[in-house]
Amino acid sequence: MIQCKDLVKIYKVDDEHEVMALQGLDLDVQKGELMGIIGSSGSGKSTLLNMLGGLDRPTAGKCVVDGKDLLRLQPKELVSYKLESVGFVWQNNARNIIPYLTAIENVELPMLLKGRHKRERAKELLELVGMGHRFHNKLTMLSGGEQQRVAIAISLANDPNLLLADEPTGSVDSKTADVILGVFRELNRSLHKTIVIVSHDTELTKKLDRVVAIRDGKTSSEILRKSYYEAEEHLLNEKEMKAEETHVELAVIDRAGRIQIPRDYLDSIELGESNKLRVELEDGKIMLVNPKSS
Ligand SMILES: Nc1ncnc2c1ncn2[C@@H]1O[C@H](COP(=O)(O)OP(=O)(O)OP(=O)(O)O)[C@@H](O)[C@H]1O
């Protein structure tokens, strides 16, 4: 569904300064996958989401989503891509909904933009996200979690293949966050939507089968669930399970053979300010050694 290779995005700040928000990022997402992208503030998550959603153009690299090459789409094709191929759920509900309209009117709006008026479909979608009892409530009358569920229904209005969610659980408590994640799981299972959830919250790694971590605008590692079914069983018995017990984290090697090493690993071998490591191959293992030790 998504193939990004060496994706670069440079923002021009002023005549003299540029920011390289994506620095050759690689990302592959399969059709029908529900996955997460995590990274700290400034790592490039929103930039990546904007590229995937066609809201901004990459500077260089390759980015193909749902068979469409986003670097080559004509302006008119980009408009229909945004309206038909992809649905957005934002953390900030002001971007998702129109507060003075009812839930059902909000879901109908994207369909009207496409020249369709389908009240029945809007009802079905609200029922799907567990908001069937709130069709005619104004959005200001709903809680944050309920507004997010309406936002998910809105994102589905034009039946996109891909849903992009930016911190969808960032503004709600952990119980509501689990309900919202449950809605995404259900959409993934029943409608086979491909769903990408972006968050700065490392807790997300425990809850999904695959999470890609980005750092400084590049893919740094992938956190994969060891065994989905085994882990589900454990989770039922033990709520406070650490991600390491259910998931394995793999570093991502780019095409030039580079990997990103977490700062705390470098600190633990007391590298200090030095940027040099000895790389050794020993018994089929690649070792990174502080040249000052031994
Ligand atoms: N429109 C812009 N113009 C200039 N620089 C930008 C622009 N948008 C983002 N940046 C810069 O690009 C880098 C990546 O920003 P981005 O918003 O993608 O990070 P993020 O991981 O989403 O962070 P956060 O979690 O805080 O939203 C940052 O250094 C940011 O300052």
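Position 1 is the first residue of the sequence; numbering continues from there. First listed ligand is number 1; within each ligand, the first listed atom is number 1.
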Open item on the list: Can you give me the closest heavy-atom contact between Val211 and Leu204, atom names plus distance?
Closed with: CG2-O, 4.0 Å

- [ ] Flag the pair Glu282 and Lys285 as a salt bridge only when some basic side-chain nitrogen lies within less than 4.0 angstrom of an acidic carboxylate oxygen.
- [x] no

Task: For atom 26 (O) of ligand 1, closest protein heavy-atom neighbour - done: Ser41 OG, 2.6 Å

- [ ] Say whether Gly39 and ligand 1 are in contact under the criterion: heavy-atom distance to a ligand atom below 4.0 Å.
- [x] no

TODO: Around atom 15 (O) of ligand 1, find the nearest protein heavy atom and jot down its residue, atom name and distance.
DONE: Thr47 OG1, 3.8 Å

Task: Glu33 versus Thr194, side-chain donor and acceptor atoms under 3.5 Å - done: no

Task: Check against salt bridge (charged side-chain N to carboxylate O under 4.0 Å, His left out), Arg185 and Asp178 - done: CA-CA 10 Å; Arg185 273 206 193 93; Asp178 284 343; over 6 Å; no

Open item on the list: I'd like to know if atom 4 (C) of ligand 1 has any protein heavy atom within a distance of less than 4.0 Å.
Closed with: yes

- [ ] Please determine if Arg134 and Glu146 form a salt bridge, counting it only when a charged side-chain N lies under 4.0 Å from a carboxylate O.
- [x] yes

- [ ] Look at atom 6 (C) of ligand 1 and say which protein heavy atom is nearest, naming residue and atom and giving the distance to 0.1 Å.
- [x] Tyr11 CD1, 3.3 Å

- [ ] Return the residue, atom name and 0.1 Å-rounded distance of the protein heavy atom closest to atom 14 (C) of ligand 1.
- [x] Gly42 O, 3.4 Å

Task: For atom 27 (O) of ligand 1, closest protein heavy-atom neighbour - done: Ser46 OG, 3.6 Å

Task: Lys118/Glu108 ion pair, N-O < 4.0 Å - done: no

Task: Per-atom contacts of ligand 1 with Ser40, taking only distances under 4.0 Å to non-hydrogen atoms - done: 21 (O)

- [ ] Give the residue and atom name of whichever protein heavy atom lies nearest to atom 12 (O) of ligand 1, and the separation in Å to one decimal.
- [x] Ala21 CB, 3.3 Å

Task: atom 25 (O) of ligand 1: the protein heavy-atom neighbour that sits closest, reported with distance to 0.1 Å - done: Lys45 NZ, 2.8 Å

- [ ] Answer yes or no: is there a donor N or O on one side and an acceptor on the other, between the side chain of Asn106 and the main chain of Thr102, under 3.5 Å?
- [x] yes

- [ ] Identify whether the distance between the nearest side-chain nitrogen and carboxylate oxygen of Asp6 and Arg255 falls below 4.0 Å.
- [x] yes

- [ ] May I ask you to identify the nearest protein heavy atom to atom 30 (C) of ligand 1, giving residue, atom name and distance to one decimal place in Å?
- [x] Val19 CG1, 4.7 Å

Open item on the list: Test your reading of the structure: does His200 have an N or O sitting under 3.5 Å from an N or O of ligand 1?
Closed with: no

